Amino acid sequence: MLDALYDLPLNLSLFVFLLGCMALDLLFGDPADWPHPVRLIGRILNRLEGWAGRSWLGPRLAGAVAVAGLAGGCALLVRLLMGLPLVGEMLALYLGYAGLALGCLLREVQAVLNLLESGRLAAARAHLSGLVSRDTADMTEEEVLRGLGETLAENFNDGFVAPFFWLSLLGPAALWGYKAVSTADSMWGYRTERFEELGKAGARADDVLAWVPARLAAFLIWVAGWVLGNRASWKTIATDARTMDSPNAGWPMSAAAHAAGVSMGGPTRYFGEIKDKPPLGPLGVIWSAAGIRRMRRVIVAAALMAAAGLTLLGSTLAWWNL
């Protein structure tokens with residue numbers, strides 16, 4: 001049996017490593033009392049924002065330099081840590097697992113759902129505010145459910161498929177280079193007076209790095225929907241996805257809306273202003289806890305397919321080594 005495994009045309013150490021990262025993410029998520037690299041990246045970005053505001057380069061160019069320097073620095077640091085004797089492989093496993101956020105995402109979605117089902121709307125709004133950038137203080141229960149479903153769909157790519165894509169193909173160094181760009185986009189990528197110029201380079205870099213993963217995520221959600229009995233049209237999913245301002249966010253969101261049979265988009269409040277987002281999915285469906293559960297089943301099925309496919313691809317190509 002073992003001889004047969006070793007004869008397979010793949011790198012077994014990478015195969016086991018990638019599945020281990022996925023398993024640790026699902027088992028442990030992001031423990032609240034552990035330090036996390038993303039929090040460190042966020043603190044560095046806060047410092048860099050001050051530097052960019054004072055730089056003679058101007059906010060747009062300074063923002064580009066900051067994001068490029070941070071992404072390159074993160075990738076180099078991870079590569080150096082992986083090369084340390086005795087502990088390098090353990091650090092690689094931790095950094096591979098810590099860059100994934102599916103387990104945490106699923107737990108947070110369930111936490112908000114539990115609060116709603118126990119009648120604690122105010123607590124659900126407060127918990128959701130930690131997951132989304134939209135204003136949650138005055139949300140109705142249906143708006144909380146819609147916000148929860150939309151963040152589950154969008155972050156399936158941002159928090160899992162895209163990071164696992166780069167981890168599988170190029171290793172933890174590439175994963176953390178991507179995470180630096182993604183974090184910069186999530187913190188600076190707003191069309192406000194404060195961030196319009198500063199965040200432009202990070203937003204564009206994130207668009208490029210997440211372009212393939214976003215479409216892969218949408219395809220897997222579509223397949224998962226078919227497997228679970230909701231046979232949505234790929235053409236309709238693609239048409240809806242292209243109506244979004246973001247070149248990537250609409251793809252997993254549109255696929256999840258159609259695969260779970262729910263309605264996304266519509267008026268949404270950001271920083272005190274209403275933005276009318278394009279409709280995604282079947283129109284007029286009232287959000288419910290059952291809709292969130294359907295979407296979660298679809299997302300979990302798609303995640304398992306992503307993990308299997310990318311693990312096989314990464315360990316077969318073996319473009320990097322532990």
Side-chain angles (χ1 to χ4, degrees), residues 36-82 95-96 98-101 132-134 151 154-217 241-242 244-253 270-271 273 275 277 319-320:
H36 196 281
V38 167
R39 297 189 187 101
L40 176 60
I41 290 172
R43 287 196 288 270
I44 294 172
L45 283 165
N46 284 332
R47 294 288 184 90
L48 288 172
E49 182 185 350
W51 167 79
R54 300 185 302 272
S55 174
W56 59 271
L57 295 171
R60 181 178 294 198
L61 184 54
V65 171
V67 172
L70 181 59
C74 286
L76 178 60
L77 177 60
V78 169
R79 193 63 208 167
L80 291 173
L81 291 173
M82 289 173 60
L95 290 166
L100 307 178
V132 300
S133 57
R134 66 189 70 187
T151 197
E154 183 175 2
N155 283 296
F156 172 60
N157 181 55
D158 294 345
F160 178 66
V161 176
F164 199 70
F165 176 87
W166 291 110
L167 175 65
S168 300
L169 293 185
L170 297 176
L175 162 63
W176 283 101
Y178 166 74
K179 292 293 285 188
V181 170
S182 177
T183 305
D185 182 46
S186 68
M187 291 179 64
W188 293 355
Y190 298 102
R191 293 179 177 176
T192 62
E193 183 178 353
R194 177 181 174 185
F195 293 120
E196 175 72 29
E197 294 297 313
L198 178 66
K200 195 169 291 292
R204 294 294 176 267
D206 185 71
D207 289 344
V208 171
L209 294 176
W211 196 91
V212 171
R215 285 146 184 82
L216 174 62
R242 295 187 182 102
M244 296 284 285
D245 291 339
S246 167
N248 295 327
W251 287 87
M253 292 176 68
Y270 292 93
F271 305 108
E273 296 184 3
K275 179 178 181 179
K277 300 171 73 174
W319 287 344
W320 64 283

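What you see is a predicted model, and the numbers here were worked out from it, not measured in a lab.
- Remark: side-chain polar atoms of N248 are paired, donor with acceptor, to backbone N or O of D207 under 3.5 angstrom.
- Heavy atoms only, all atoms of each residue included: A180 and A71 are closest at CB-CA, 3.7 Å.
- Across every non-hydrogen atom of W251 and R242, the tightest pair is CH2-NH2, 4.0 Å.
- Cation-pi contact between R47 and W51: absent, since separation from the ring centre below 6.0 Å together with deviation from the ring axis within 45° is not met.
- Taking a 6.0 Å sphere around CZ of R79, one finds it holds 12 or fewer heavy atoms contributed by other residues, nucleotides or ligands.
- For the pair S168 (side chain) and F164 (backbone), a donor-acceptor distance under 3.5 Å is present.
- A pairwise comparison of heavy atoms in A249 and E154 identifies CB-OE2, 3.6 Å as the closest pair.
- In this structure, CH2 on W188 lies 14.5 Å from CD on E196, to the nearest 0.5 angstrom.
- Using modelled atom types, one side-chain atom of S186 and one backbone atom of T183 make a donor-acceptor pair closer than 3.5 Å.
- Listed here is the closest heavy atom pair of N157 and A214: OD1-N, 3.3 Å.
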Verdict with reasoning, K275 to D245, per salt bridge (Lys or Arg N to Asp or Glu O under 4.0 Å): CA-CA 12 Å; K275 179 178 181 179; D245 291 339; 3.1 Å; yes
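- For the residue pair L169 and W320, the shortest heavy atom distance occurs at O-CD1, 3.3 Å.
- Between the side chain of W176 and the backbone N or O of L95, at least one donor-acceptor pair lies under 3.5 Å.
- Of all heavy-atom pairs spanning P247 and R215, the tightest one is O-NH2, 2.8 Å.
- Remark: side-chain polar atoms of D206 are not paired, donor with acceptor, to backbone N or O of G202 under 3.5 angstrom.
- Under the 4.5 Å side-chain criterion, counting only non-hydrogen atoms from C-beta, C74 is not in contact with K179.
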